[in-house]
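Only one structure is covered here, and it is reproduced in the block below.
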Protein chains: 2
Amino acid sequence: MALNEVSSNASFEGYQKVFSHQSSELKCEMKFSVYIPPQAESQNVPVLYYLSGLTCTEQNFIGKGGAQKYAAQEGIMIVGPDTSPRGVNIEGEDDSWDFGSGAGFYVDATEPKWKNNYRMYSYVTKELPAVIQSNFPVIANKQSITGHSMGGHGALICTLKNPGLYKSVSAFAPICNPMACPWGKKGFTGYLGPNKDAWKEYDSCELVKKYSGPALDILIDQGTSDQFYPNQLLPENLVEASKGTNVKISLRMQEDYDHSYYFISTFMEDHIKHHAKYLKA
Amino acid sequence: MALNEVSSNASFEGYQKVFSHQSSELKCEMKFSVYIPPQAESQNVPVLYYLSGLTCTEQNFIGKGGAQKYAAQEGIMIVGPDTSPRGVNIEGEDDSWDFGSGAGFYVDATEPKWKNNYRMYSYVTKELPAVIQSNFPVIANKQSITGHSMGGHGALICTLKNPGLYKSVSAFAPICNPMACPWGKKGFTGYLGPNKDAWKEYDSCELVKKYSGPALDILIDQGTSDQFYPNQLLPENLVEASKGTNVKISLRMQEDYDHSYYFISTFMEDHIKHHAKYLKA
């Protein structure tokens, strides 16, 4: 599938680029960002996926996340998709900031109105990685995933549903138990319908209990002054649900930090180094 | 004068804040950013002023500049004003992106239409530092200045016009010779009128020739793929003009970098460390 380079900016001896392509899963044109570290000029490199939160596009992370420096130091490519299909003309898609455009919740929708386009789960776990492997100098199977808020939820479920697909996972203030929070209930009802058995397939607290893949050490940072903590995020529920499994949740409560990119950028170095440990092992 | 805290976000163990206040120089409400490093909890700290470029507000630098980490490491406060008066209802103030709102050029206007409000030079060199010294734990006389593009011009002229006021100065892709570039000619004609003798008081290439203060070593980074280089920026003119003076221009040409915050953030660490050398001497 052809890629169109939307922008390219030199950054920390590599390049921060944005591409667009026609997505077969989402049936629309999608943009994604790629940070190409300097090492990629001469060798294949591992890749880290970053999933953004509600209302974000592919731009927020690359402008404000401060990841490029550490990606350059470690020789890791970072790929950041958009957060939903765009411009697919579904009635009401732009009515809410927490549902529809900018709020795909990284699920494959089953409700008739949404199921044709809102397939962010398959896009993120299958289509986009195939695009990356076909077009960029990456090491096959050396991939990890992280994300923020709704994107932290995405990173967690993509990993827990696909044992071994990602070498490591981390998250910034993730939605850890969407079935039990207002954002998740709204999103899951809209995309998946009222049957809560379907919801369990996309809820980290449910998925962790039946996870049977390689042991995981999941780094989660959560600010104590986050305006959405605890109600929407519920990280303690994930810690509790993981007990007795081979998934360790390393939850770090960060005093005074909120839900913004000021929080994310502060701890970005730690997360990139966490992933580097596994991607470069 | 009372300050109103607009926002406060924990960032790298310190706080990124934005305040508003009523400016007596500009006769309007102005916003400015302050990064308060963790050291400021227990001691007075030096302060670095950052002047933004055309179209920017106080937000661009704090979201995208990536300075907080290094300010926290070095124990330096960073203050970032807006780029012009706002909402002063001068006819045509919002008609151009390179003149009027967002484009104050760090001069004190003399043309009748603008002179009542467009006094960014006095605001940046006098009013704002007084506000900072009255309200924050800073060390008197330990201040430096930097900036980007139009703000790089601002940093240069504020230093060259006020020997000793700043311990050090640096700039990212500054407008070095505004009298000789389209942006500068438009701005200076509009704010200062047609008499070019008045323009010389705000042109670094003119000011450097008559500078008689303490020796300066000015760090300038300039990307070779900057869309405004050389025409609008003309750094080589400043290098040439500084010959035989006690002002050394350390111009670093950065291959492939453009005019964006991807460029600025890449070299921010070097600039903060440059200033730390002088501010902490």
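A, B, ... follow the sequence lines: proteins, then strands. Residue 1 opens every chain. Reckoned from all heavy atoms, side chains included, excluding hydrogens, waters and symmetry mates. Fair warning: this is a prediction, and the values are worked out from it, not measured in the lab.
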Taking atom [atom1] of [X] as the centre, does the number of heavy atoms from other residues, nucleotides or ligands within less than 6.0 Å exceed 12?
X      : atom1 : value
A:K186 : NZ    : yes
B:K280 : NZ    : yes
B:E13  : CD    : no
A:E5   : CD    : yes

Side-chain donor/acceptor of B:Y262 to backbone N/O of A:F12, under 3.5 Å: no
Checking heavy atoms, do the side chain of [X], its backbone, both or neither come under 4.5 Å from chain B?
X      : answer
A:S8   : backbone
A:Q254 : neither
A:F267 : neither
A:D258 : side chain
A:S265 : both

Approximate separation, where rounding is to 0.5 Å, of [X] [atom1] and [Y] [atom2]:
X      : Y      : atom1 : atom2 : value
B:N9   : A:H259 : CG    : NE2   : 12.5 Å
A:I62  : B:K64  : CD1   : NZ    : 8.5 Å
B:F263 : A:S11  : CZ    : OG    : 12.0 Å
B:E269 : A:K69  : CD    : NZ    : 3.5 Å

